[in-house]
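Reminder, nothing fancy here: chain letters follow the sequence lines and each chain counts from 1. On a predicted model such as this, the values are computed, not experimentally measured, just so you know.
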There are 2 protein chains.
Amino acid sequence: MATIHDVARHAGVSAATVSRVLNGRETVDPALAVRVQSAVSALGYRRNSVARNLRRRQTTLWAVLISDIENPFFTSLVRGVEDVGRSEGYSVVLCNTDEDTTKESEYIAACLADKMAGVIISPTSDTSDVSPLVEAGTAVVAIDRELSQVTLDTVLVDNEGGAEQATRHLAERGYRRIACITGPRRTSTAIRRLRGYQRAIKATGLTADKSLIRHADFREAGGYAAMAALLDEDVRPDAVFAANNLMTVGALECLVDRGLTVPDDVGVVGFDDIPWARLARPSLTTVGQPTYEMGKSAAQLLSGRIATPGRPATRVTLQTELHIRESTNRPPA
Amino acid sequence: MATIHDVARHAGVSAATVSRVLNGRETVDPALAVRVQSAVSALGYRRNSVARNLRRRQTTLWAVLISDIENPFFTSLVRGVEDVGRSEGYSVVLCNTDEDTTKESEYIAACLADKMAGVIISPTSDTSDVSPLVEAGTAVVAIDRELSQVTLDTVLVDNEGGAEQATRHLAERGYRRIACITGPRRTSTAIRRLRGYQRAIKATGLTADKSLIRHADFREAGGYAAMAALLDEDVRPDAVFAANNLMTVGALECLVDRGLTVPDDVGVVGFDDIPWARLARPSLTTVGQPTYEMGKSAAQLLSGRIATPGRPATRVTLQTELHIRESTNRPPA
DNA sequence: ATGAAAGCGCTAACAA
DNA sequence: TTGTTAGCGCTTTCAT
């Protein structure tokens, strides 16, 4: 591998000049610049970013820590981050924490060791410890879920509002025994979506029944199991609000397996859109989130924080949108 | 940030000793090791990987270059890579080329600059140029698609066989005018899957008609447009084989929009499974691929090549599996 | 078993 | 504008 010194020798200039040409900051005599360029291509020189990063004491890398790479919600969000990041000269690296606190802290340590310029994290838990990053002065933005210990730039949707709207919609369609399958207690989204559900139950005058509420793991199997448990109760629910996309799918599969019809026997609303929702039968009523925009906002916050480390933390809250489809299509009471 | 020298000073030993303790290779006096460890935690020392990688002239990073991060086929494959990589001490970094040759070559350059220990690539084209990596001695493995210019370790499925089986299945179910929506000509998978389709058409004695073959872009919109074009022909097909998951979805949506019934009016088989296939109505007959295994195999090949750079290139071909569901469910002729 | 010293390839001060 | 020099933080000879 050719180094800058090889290029310098070949072009008959100093290493500093080669560096100047390559980085295009300072002005260099055009004739020299040309000689450097041709030496670069003659030798097939390629910059060693590792050395560069060490010397500059910074990288142009962003890490995105998400909890499930197979969940379309996260991949779409990553696209938003990527587009902004690339346009500002950053490379975006994906890390899959798998809802696993251990993996998460390993990745946080790695981000530190690798001197990431910025980190966007969807924490596995409200109490995830990002303090090593914060203390080291790394720019951090939380997305989708909040962190309780520290005040960070954060991008969220109106989880309570979205959940309330979804639940109200079920009530308006005449469903009376509405269940809620929410996520793990350790995540802010699960808590807030449950709260929105509860608010709607109260507002519509339906009886709140604790046995209608289940906490699952935001995964398909968890949604399936929670639905099964709800159906095994003495009085089964006639509708269910599921707090994320995968659990909705699980719940639906359970209903199919039990021979129950949606929306006639049971109405279903999910949080998060599902790709190819048009193909599912019945098509699914969902609380849609602006995933791409969320990623984009987070990236913009990160970029801003890198530029101005001391600025106060911002919280961006985006709106959800209820997409009414067939799974709640029962005539109003 | 504390450095190794700070730790050394604090523990009253040399930097070399700290390094030895931290890397656990050579033997160090247990008493010293303890002093080093406590100095490490006292100072909150964290390794600087950038410096380490520069000095060691190698990293423990793998890059995976995939063409669509939102395609579940690729994300599932990445899981396989990740699991093997992590178990061997590598961090896996994802790069999204977006079927864009420019992005792809930028990422290849970045892999080189960042001194990646290995690269797993699903090339955007048969003629994608990975030679910079190969020449620099970086371990490279191709996955899902072949490269024509160079001989690399490669993980594929039996694309021709899978496509032939799918097409034969349609013929056996009594479909007579079977169309094929395949991918871009520049990708080996598109070519091979088309070839398998053609082989089956010939073998079953159906008439081969060029107007039944369409090349699209492996995306949903492309599949939709190709299906629309097929339906606009004078004689419309009574079945379609689509060469990947997203195009299958597009084709199906087109059929729905045109008011055609699957499988009665048109039979459909897709290549690649589709998540939540059970929810789609009709459920989809697909050529399933062992995605996780593919990722795992690629990772094992990569690991082997890093260990033994000179060894001859291996090609792993995994089998596909036809999953017969409702979308081809027409009684045999 | 331990320490001293060199240097990975680059960029940023500083001098000229 | 250009060149000289030092050093980012680490690992690895080589001596001891």
* To do: Please report how far the helix from dA1(C)-dT16(D) to dA16(C)-dT1(D) bends, comparing the axis fitted to its first five pairs with the axis fitted to its last five, to the nearest 10 degrees.
  => 40°
Grab the [atom1]-[atom2] distance between [X] and [N] for me, whole Å please.
X	N	atom1	atom2	result
N48(A)	dC8(D)	CG	P	18 Å
K115(B)	dC10(D)	NZ	P	21 Å
D29(A)	dG3(D)	CG	P	10 Å
N53(B)	dC10(D)	CG	C1'	10 Å
D6(B)	dC8(D)	CG	P	11 Å

* Using a cut-off of 4.0 Å on non-hydrogen atoms, how would the nucleic acid contact of V50(B) be classed: base, sugar-phosphate, or nothing? -> nothing
* Indicate, with a heavy-atom threshold strictly under 4.0 Å, whether V28(B) touches base, sugar-phosphate, or nothing. => sugar-phosphate
Donor-acceptor contact present, side-chain [X] to main-chain [Y], <3.5 Å:
X	Y	answer
S41(A)	Q37(A)	yes
S128(B)	S125(B)	yes
D98(A)	D100(A)	no
N23(B)	R25(B)	no

* Would you indicate, yes or no, if dT2(D) has its OP1 or OP2 atom less than 4.0 angstrom from a side-chain nitrogen or oxygen of T17(A)? => no
* **Listed nucleotide nearest any side-chain atom of L54(B), set dC10(D), dT1(D), dG9(D)** => dG9(D)
Pairs in or reaching into [range]: which pass salt bridge (Lys or Arg N to Asp or Glu O under 4.0 Å), with residues at least two apart or in two chains?
range	answer
residues 127-143 of chain A	none
residues 1-11 of chain A	D6(A)-R9(A)
residues 34-44 of chain B	none

Short heteroatom pairs, N/O only, protein and nucleotides 12-16 of chain D, under 3.5 Å:
residue: dT12(D); atom: O4'; partner: R55(B); partner atom: NH2; Å: 3.2

* Asked: Taking DNA chain D as the partner, which of residues 35-45 of chain A come within under 4.0 angstrom of it by heavy atom?
  -> none
Please enumerate all residues that pass side chain to side chain contact (heavy atoms under 4.5 Å, CB included) together with [X], with sequence neighbours excluded.
X	result
T27(B)	none
A42(A)	H10(A)
E70(B)	T75(A), S76(A), R79(A), D68(B)

Tell me which donor-acceptor pairs under 3.5 Å the side chains of residues 140-150 of chain A have, and how far apart each pair is, sequence neighbours excluded?
residue: R145(A); atom: NH1; partner: E99(A); partner atom: OE1; Å: 3.1
residue: R145(A); atom: NH1; partner: P123(A); partner atom: O; Å: 2.9
residue: R145(A); atom: NH2; partner: E99(A); partner atom: OE2; Å: 2.9
residue: E146(A); atom: OE1; partner: R315(A); partner atom: NH1; Å: 3.2
residue: E146(A); atom: OE1; partner: R315(A); partner atom: NH2; Å: 3.1
residue: E146(A); atom: OE2; partner: R192(A); partner atom: NE; Å: 2.6
residue: E146(A); atom: OE2; partner: R192(A); partner atom: NH2; Å: 3.2
residue: S148(A); atom: OG; partner: D126(A); partner atom: O; Å: 3.2

* **Cationic N near anionic O, under 4.0 Å, K103(B) to E82(A)** => no
* Please name the pair of heavy atoms, one in V81(B) and one in G295(B), separated by the smallest distance, quoted to 0.1 Å. => CG2-O, 3.4 Å
Show me the side-chain donor-acceptor pairs of residues 55-64 of chain A shorter than 3.5 Å, one per line, residues at least two apart or across chains.
residue: T59(A); atom: OG1; partner: L61(A); partner atom: N; Å: 3.4
residue: T59(A); atom: OG1; partner: K115(A); partner atom: O; Å: 2.7
residue: T59(A); atom: OG1; partner: A117(A); partner atom: N; Å: 3.4

* Asked: How would you give the extent of chain B contacts on DNA chain C, as first and last nucleotide 5' to 3' within a 4.0 Å heavy-atom cut-off?
  -> dA1(C) to dG9(C)
